[in-house]
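Written out below as structure tokens is the structure these notes cover.
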Amino acid sequence: MICPIQIRKPEMLLAYAAGDLDPESARLLEAHLAGCSACREIAKDQATVWKALDGWEAPPVSPDFNRRLYGRIDQGLQLSWWERLTRPFRPMPLRQALPLTATAGLLLMAGLLLQHTRPLAPAAPSGEIVRADQVERTLDDLDLLHQFNGTAATAESAQPDAM
Amino acid sequence: MLTNAQPYMLPGVENDMAVAAAATLDYDAELMLRVKEGDDVTFGVLLEKHRVPVIHFVFRLVQEQAIAEELSQEVFLRVYRSRSSYEPTAKFKTWLFRIATHLALNWLRDEKHERGQERLDDVSMDLPALQICDRRPSVEQEMVSEVKLDQVRRAVAGLPEKQRAAVLMHKYEEMEYTQIARVLGCSESAVKSLLFRAYETLRARLAHMGTS
């Protein structure tokens, strides 16, 4: 038969074996253990497990652990093109973002106000777009005009003689 | 250097609230909020405080020192990289160990897959009989303790992954059931059950050490 303590309060046995149980609970459990061989066995074996685990020490940490870590952090900051690309768009801490946003807002408002208060400047002559074929056609027209004028002058000078 | 006598206060109501929330959780969460604000020196403080426990925890999970250090580097790298999105919703140590456990268990799964489960599942408790040729007690003791240590390592490695992580956090980090539950993403009662089953297995495998 399984003792109710193993079902309802198994952590009590674990804490007792680890020496973590408060004195009052430990006293009550010890009274129970005196009459329950199953729990007594568990508590004894658990203490053995605890002691065995205590003997398992981890090796010391490499002295250059921090240097390697900071190297990786720096490398990430220097070489990651994606980070460099997205850094300006990352959410900024509030205490940095607030003054920057306020300054940008003030500059924008000042710009708008200046634009509205400035007197209207005379409209600049709008530049015409002159196309090459248009120029060529105009020159041709001028040539034709010259030719026409020449012909007209010749005809005019010949006319009085005929009269 | 930060001390408890100099509480860090940030301008702005939101930050005050965040700091107050962090302070109710633990001081490390408060420090992490400073890292979030761009204080890299404080990251060094957190690193110094948690470096050894994290590396030792990961070492006992994966049982290879070089891998443990590599994975621990990744843990702190992730902490640093996620500083801007950090929210103190749990104790800092819980968050840290959640990252560490996640990385270590992932590595174990990959490793297990690669090696065809040869190393962790094929844990034999039938160690060869110890041959002691040298009668000097120091050498003898050394060998016996080495064998015992090997048995402990194998017994722990033979546990299912979640049970192993739970035992290591309970035994070596003295974490509470609620904290372990948050790290493993399960209920407190599930953690109690995990631990009791894990210790049951360990008792069966290591109880003989009490008689030797």
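So that the names make sense, note that chain A is the first sequence line, chain B the second, and so on, each numbered from 1.
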Closest non-hydrogen atom pair between Ala34(A) and Arg40(A), with its separation:
O-NH1, 3.2 Å

Is it the backbone or the side chain of Asp20(A) that comes under 4.5 Å from a heavy atom of chain B, or both, or neither?
neither

Nearest non-hydrogen partners of His56(B) and Pro59(A), listed with the distance:
NE2-O, 3.3 Å

Can you say whether Gln65(B) sits under 4.5 Å from chain A via the side chain, the backbone, both, or neither, judging by heavy atoms?
side chain

Check whether Leu77(B) gets within reach of chain A through its side chain, its backbone, both or neither, counting any heavy atom under 4.5 Å.
both

Any side-chain donor-acceptor pair under 3.5 Å between Ser25(A) and Asp22(A)?
yes

Among Leu202(B), Val52(B), Leu47(B), Leu206(B), single out the residue with the greatest number of heavy-atom pairs under 4.5 Å to chain A.
Leu47(B)

Using 4.0 Å as the upper bound for N to carboxylate O, is an ion pair formed by Glu146(B) and Arg153(B)?
yes

Please classify the contact of Lys171(B) with chain A as side chain, backbone, both or neither, using a heavy-atom distance under 4.5 Å.
both

Less than 4.5 Å to any heavy atom of chain A: does that hold for the side chain of Ser72(B), its backbone, both, or neither?
both

Which region of Leu69(A), side chain (C-beta onward) or backbone (N, CA, C, O), has a non-hydrogen atom less than 4.5 Å from a non-hydrogen atom of chain B, or is it both or neither?
both

Using heavy-atom distances under 4.5 Å, tell me whether Glu48(B) contacts chain A through its side chain, its backbone, both, or neither.
side chain

Are side-chain heavy atoms of His50(B) and Val75(B) found at a separation under 4.5 Å?
no

Whether the Glu69(B) and Ser62(A) side chains hold a donor-acceptor pair (N or O, under 3.5 Å, no angle test) is what I'd like checked.
yes

Side chain, backbone, both or neither: which part of Phe57(B) has a non-hydrogen atom closer than 4.5 Å to chain A?
neither

Interface check, chain B: of Leu53(A), Asp54(A), Leu13(A), most non-hydrogen pairs under 4.5 Å belong to Leu53(A)

Pair Asp64(A) + Arg67(A): basic N to acidic O under 4.0 Å:
yes

